[in-house]
A.B. asks: 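After the structure tokens below, expect a handful of questions from me.
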Amino acid sequence: MPQIKAPKGVADILPAQVRDWQRMERIIRRTLEAAGFAEIRLPIFEVTELFARSIGAETDIVSKEMYTFQDRGGRTFSLRPEGTAGAVRAYLEHRLYHGASDCRLYYLGPMFRAERPQAGRFRQFNQVGVEVFGLSEPGVDAEVIAVLMEMFTRLGLAGLRLDLNSLGCPECRPGYLRQLQCFLEAKRLLLCTDCQRRAEINPQRVFDCKQPGCQGILEDAPKSPDSLCAACRDHFRRVCDCLEQLGYAYQLNSRLVRGLDYYNRTAFEIVSLKLGAQNAIAGGGRYDGLVELLGGPSTPAFGYAIGLERLNMLLQLPSEPVQPWIYLVLLGDEAKRQGLLLLQELRKAGLSAQMGHQNKSLKKQLQHANKLEAPWVLILGEDELAAGNVILRDMRQGTQEELLQEQLIGKLKGIWTTKS
RNA sequence: GUGGGUGUAGCUCAAUUGGUUAGAGCGCUGGACUGUGGAUCCAGAGGCUGAGGGUUCAAGUCCCUUCACUCACCCCA
């Protein structure tokens, strides 16, 4: 029987790593909550149509990367490939647009895409999603990006680049796309086969091509920021102004195109200079038409997602001081019995403790305590039982003292509060 | 979906142009040391060399197939 393994592209986060994840999540939550975002917990699967309508049926994500299945009633569901669609659905379903004029949400959890895994890309991966509904002002775009940048500062990240672009709106984008398509059509035979294909499906993608030949040709191609309508140009300018005022450097990147159909106007990405090919650790933008597209009132919106695995790969958090705890070394059957009681007493007093259950020699039990890196050990054997004492051993100092059992908890609390 | 790289002990890696019984370090278990950890020394356990087929007197090594992992393309967090 072959060993059963986790599916391809799906990873366990082992106990040794979980502490770092929890710290990362704690910093993220605090930053977002201080900025007025409230957590929402969303389902991991939704009806497939939700994703097809919001992300776009022709996008790669929907057309070939979703895990889709039917339930017994024949209804078709998909594991969520991203979070915005579900957030918008919940926003509408629970009428969150009533009450306050704007709504700020964040969520954290796994997303699923059936892609070929590689460095920084997984089939199940965790994202933090952040969404603001109901505000169209350019200052919102800048503020939300600023919160993200501040979060990265708190996480101790360096070597990041903020890329910025404007995709236009339903007024000006179609004109631009037509212009670009004409250009590409004229140069069609000079482009690589990949680009010829891109030119038809998603023309803006040609800008991502790495072929030197294509790059040369595209020098003269129309750029989206040049053909924005007056309103979009003004919005973009003001986003840039705000970011500059806040002191955040950014790079205009007219090649930045998002792979989801719902974006308009501001699009941004934060890339790390320290990762491999999959180097975007956060990305998002404005999606003013999506709420309405899904049957809600016309509602502007802005949001982004952070890739937590990629973020985690970059983190070098300083190690935290070990929390004090006690390992109980018990010698003999009677001591084991007493030890179980003592263990419970310690825990009830709010102290962290474990005991050695196996009846091994003192030496072996101490070795075990050492391996577990227990800072404190309690020794209870026949001699101590007879005298009503326990030995409290400081494993780091290598010193110990014998004291009355009744004094133990008071003593420990004293030590731990003064040391911390 | 398309390419490249890599598969030997729990982990990191050796093994001559194909040549006897596949080794080492770390880790693990036990001992030296009967109730005192970390150091040292000794011993032990642990392998269908990813799987299947082929070539050969002989395969961890060469060939084919397959699987897994990995990096990259595509695309994205």
A.B. asks: Could you measure between the two C1' atoms, the one in A68(B) and the one in G52(B), and give it in whole Å?
C.D. replies: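 Nearest-Å result for A68(B) against G52(B) at atom C1': 15 Å.
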
A.B. asks: Is R286(A) close enough and on-axis enough to F302(A), meaning under 6.0 Å and within 45°, for cation-pi?
C.D. replies: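 The answer is no; the distance or angle limit is not met.
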
A.B. asks: List RNA chain B stems (3 or more consecutive Watson-Crick/G-U pairs, under 3.5 Å)?
C.D. replies: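 As far as RNA chain B goes, consecutive pairing (with distances under 3.5 Å) yields the stems B:1-7 with B:67-73, B:10-13 with B:23-26, B:28-32 with B:40-44, B:50-54 with B:62-66.
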
A.B. asks: What is the per-nucleotide protein-contact pattern of nucleotides 33-46 of chain B, from the 5' end, where B denotes a base atom under 4.0 Å from a protein heavy atom, S denotes such proximity for sugar-phosphate atoms only, and - denotes neither?
C.D. replies: B-BBBB--------

A.B. asks: Identify, residue by residue, the members of residues 264-275 of chain A with a heavy atom below 4.0 Å from RNA chain B, and return them in order of residue number, or none.
C.D. replies: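 Output list: empty, so none.
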
A.B. asks: Near RNA chain B, under 4.0 Å by heavy atom, which residues of residues 280-290 of chain A?
C.D. replies: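 Heavy-atom contacts with RNA chain B come from A280(A), I281(A), A282(A), G283(A).
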
A.B. asks: So which one's nearest nucleotide on RNA chain B is more toward 5', G9(A) or N279(A)?
C.D. replies: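 The residue mapped nearer the 5' terminus is G9(A).
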
A.B. asks: By a strict heavy-atom criterion of less than 4.0 Å, which residues belonging to residues 77-88 of chain A are in contact with RNA chain B?
C.D. replies: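 Per residue number, the list is empty: none.
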
A.B. asks: Can you pull out the residues from residues 103-119 of chain A that lie within a 4.0 Å heavy-atom distance of RNA chain B?
C.D. replies: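 R113(A), E115(A), R116(A), Q118(A), A119(A) - these, ordered by number, are the residues of the stretch whose heavy atoms sit under 4.0 Å from the strand.
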
A.B. asks: Can you tell me how far P in C62(B) sits from the matching atom in A43(B), rounded to whole Å?
C.D. replies: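 Rounded to whole Å, the distance is 35 Å.
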
A.B. asks: Please give the distance between the C1' atoms of A77(B) and A9(B) as a whole number of Å.
C.D. replies: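 To the nearest whole Å, 38 Å.
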
A.B. asks: If you measure from the P atom in C63(B) to the same atom in A45(B), how many Å do you get, rounded?
C.D. replies: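 C63(B) and A45(B) have their P atoms separated by 36 Å.
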
A.B. asks: Regarding F122(A), tell me which of base, sugar-phosphate or nothing describes its non-hydrogen contacts under 4.0 Å with the strands shown.
C.D. replies: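 F122(A): base contact, heavy atoms under 4.0 Å.
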
